Amino acid sequence: MNNLLRAKSLEIVEAAPASLHSDLLSQVRDFIVEGHLEPGSRIPERDLCERFDVSRTPLREALKVLASEGLIELLPNRGARVRQFSEADIRNLFELLAGLDFVAGKAACEKISDADIAAIEQMHLEMYTHYLRQEVADYFRLNQKIHQAIVDAAANPFLSSSYATANAIVKRLRYSANLVRRDRLSDAMREHEAIVDALRRRDGDQMSRLMFDHMRKKCDAVCEYLREHQSTGCPAAEVSALRDSAT
């Protein structure tokens, strides 16, 4: 084997574990974000190993990353559990995110390129398709990408870092806002349409207000979900299923 082939072979061998780790991390993160595990509940390592067909070692490495993101908590010699927040915690976190979105919206209108606006418009159309099909997980994925694209367009590394930290902590909470009631998704779509329109017109003042109000309304929906969830005692997936069967 010549040096070039040997080098390429080595690259493939070394890249594979990183890719597998990234895939597993994404799968476990989505599993928790989508509400398959209760807030405050223990992470069932054996069940997750079977579900994702991995050993304990890569799973625990993924859990360490999720703990650093604030999605779960590691317990000394007792595994890990899904992080649980009080309503006061939630409102404090979303107040921070709303402020970051306010700054990002105004800055994005000043700096964003026409190509980036077109890309966000395309994501918005794809998100609308998932909304019509009631595909909540895909809707949420595009929703997150749009918000991230606006933050990226602000071109402020300190803002981006603060946003990434705060958003990682509340990602599961933001997903739960979509499970409160169907008209909340309709409201959110209209809010996003207004946001994209303001971005298209580069109206920074309106954009920042819309982004701020959008996040505050999402916070209210999350708190409503929390109160409903506590009163029914149903796991998140069961609450969603009950709501689907009632329509």
Side-chain angles (χ1 to χ4, degrees), residues 10-97 100-101 104 136-138 140-145 147-149 151-152 156-179 215 218-219 222 225-226 229 235-237 240:
L10 183 59
E11 286 177 4
I12 292 172
V13 171
E14 291 181 345
S19 176
L20 290 173
H21 172 74
S22 178
D23 289 344
L24 176 61
L25 177 61
S26 178
Q27 289 175 321
V28 177
R29 182 190 292 114
D30 288 346
F31 186 78
I32 296 172
V33 166
E34 292 171 12
H36 297 289
L37 295 175
E38 285 291 273
S41 66
R42 296 286 291 274
I43 303 294
E45 291 188 14
R46 180 179 298 176
D47 292 344
L48 291 183
C49 286
E50 292 179 0
R51 180 183 183 88
F52 299 116
D53 192 24
V54 295
S55 66
R56 285 282 179 92
T57 299
L59 176 65
R60 287 176 175 173
E61 290 301 313
L63 293 179
K64 288 178 183 178
V65 175
L66 296 180
S68 71
E69 294 178 355
L71 191 61
I72 67 172
E73 296 174 310
L74 297 179
L75 307 173
N77 302 316
R78 291 180 295 154
R81 67 183 176 195
V82 180
R83 191 167 181 179
Q84 189 169 23
F85 297 96
S86 67
E87 184 167 334
D89 292 332
I90 292 169
R91 293 198 178 278
N92 287 333
L93 285 164
F94 274 91
E95 183 176 19
L96 172 60
L97 266 181
L100 293 172
D101 268 347
V136 177
D138 289 326
F140 181 73
R141 175 178 54 83
L142 267 300
N143 184 303
Q144 290 280 287
K145 288 183 69 175
H147 280 271
Q148 186 62 58
V151 171
D152 291 343
N156 182 327
F158 298 104
L159 172 65
S160 295
S161 176
S162 298
Y163 182 86
T165 299
N167 191 53
I169 296 173
V170 304
K171 193 172 183 181
R172 178 177 57 82
L173 300 172
R174 292 181 70 166
Y175 186 90
S176 71
N178 302 313
L179 305 176
M215 194 55 64
K218 187 174 290 288
C219 177
V222 170
Y225 173 82
L226 177 67
H229 185 197
S240 180

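What you are looking at is a predicted structure, and each value in this text was computed from that prediction instead of being measured.
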| Does Asp152 have any side-chain hydrogen bond (donor to acceptor under 3.5 Å, both in side chains) partners at least two apart in sequence or in another chain, and if so, which? | Gln148
Show me, pair by pair, the donor-acceptor contacts under 3.5 angstrom made by side chains of residues 56-73, not counting sequence neighbours?
unit_1, atom_1, unit_2, atom_2, d
Arg60, NE, Glu45, OE1, 2.9
Arg60, NH2, Glu45, OE1, 3.2
Glu61, OE2, Lys64, NZ, 3.4
Ser68, OG, Val65, O, 2.5
Glu69, OE1, Arg29, NE, 3.2
Glu69, OE2, Arg29, NH2, 2.7
Glu73, OE1, Arg81, NE, 3.0

Hey, are the side chains of [X] and [Y] touching, using non-hydrogen atoms and a 4.5 Å cut-off?
X      : Y      : value
Leu100 : Leu96  : yes
Pro44  : Leu37  : yes
Arg78  : Arg42  : yes
Leu173 : Tyr225 : no

| request: Take the angle between the ring planes of Phe52 and Phe31 and call it parallel below 30°, perpendicular above 60°, tilted in between. | output: perpendicular
How far does [atom1] of [X] sit from [atom2] of [Y], to the nearest 0.5 angstrom?
X      : Y     : atom1 : atom2 : result
Leu48  : Asp53 : CG    : CG    : 12.5 Å
Ile169 : Ile90 : CD1   : CD1   : 12.5 Å
Leu75  : Ile43 : CG    : CD1   : 9.0 Å
Met215 : Leu97 : CE    : CG    : 5.5 Å

| remark: Applying salt bridge (Lys or Arg N to Asp or Glu O under 4.0 Å) to Arg83 and not counting sequence neighbours gives none
| Of all residues at least two apart in sequence or in a different chain, which pass the salt bridge (Lys or Arg N to Asp or Glu O under 4.0 Å) check with Asp89? | none
| said: Test of understanding: with side chain to side chain contact (heavy atoms under 4.5 Å, CB included), list the residues that count as partners of Asp30, not counting sequence neighbours. | reply: Ser26, Glu34
| task | May I have all residue pairs that pass salt bridge (Lys or Arg N to Asp or Glu O under 4.0 Å) and include part of residues 163-176, sequence neighbours excluded? | result | none
| message | Taking Phe158's backbone N and O only, do any of them form a donor-acceptor pair with Ser162's side chain (distance below 3.5 Å, no angle check)? | response | yes
| message | Can you confirm whether Glu87 is buried at CD, in the sense that more than 12 heavy atoms of other residues, nucleotides or ligands lie under 6.0 Å from that atom? | response | yes
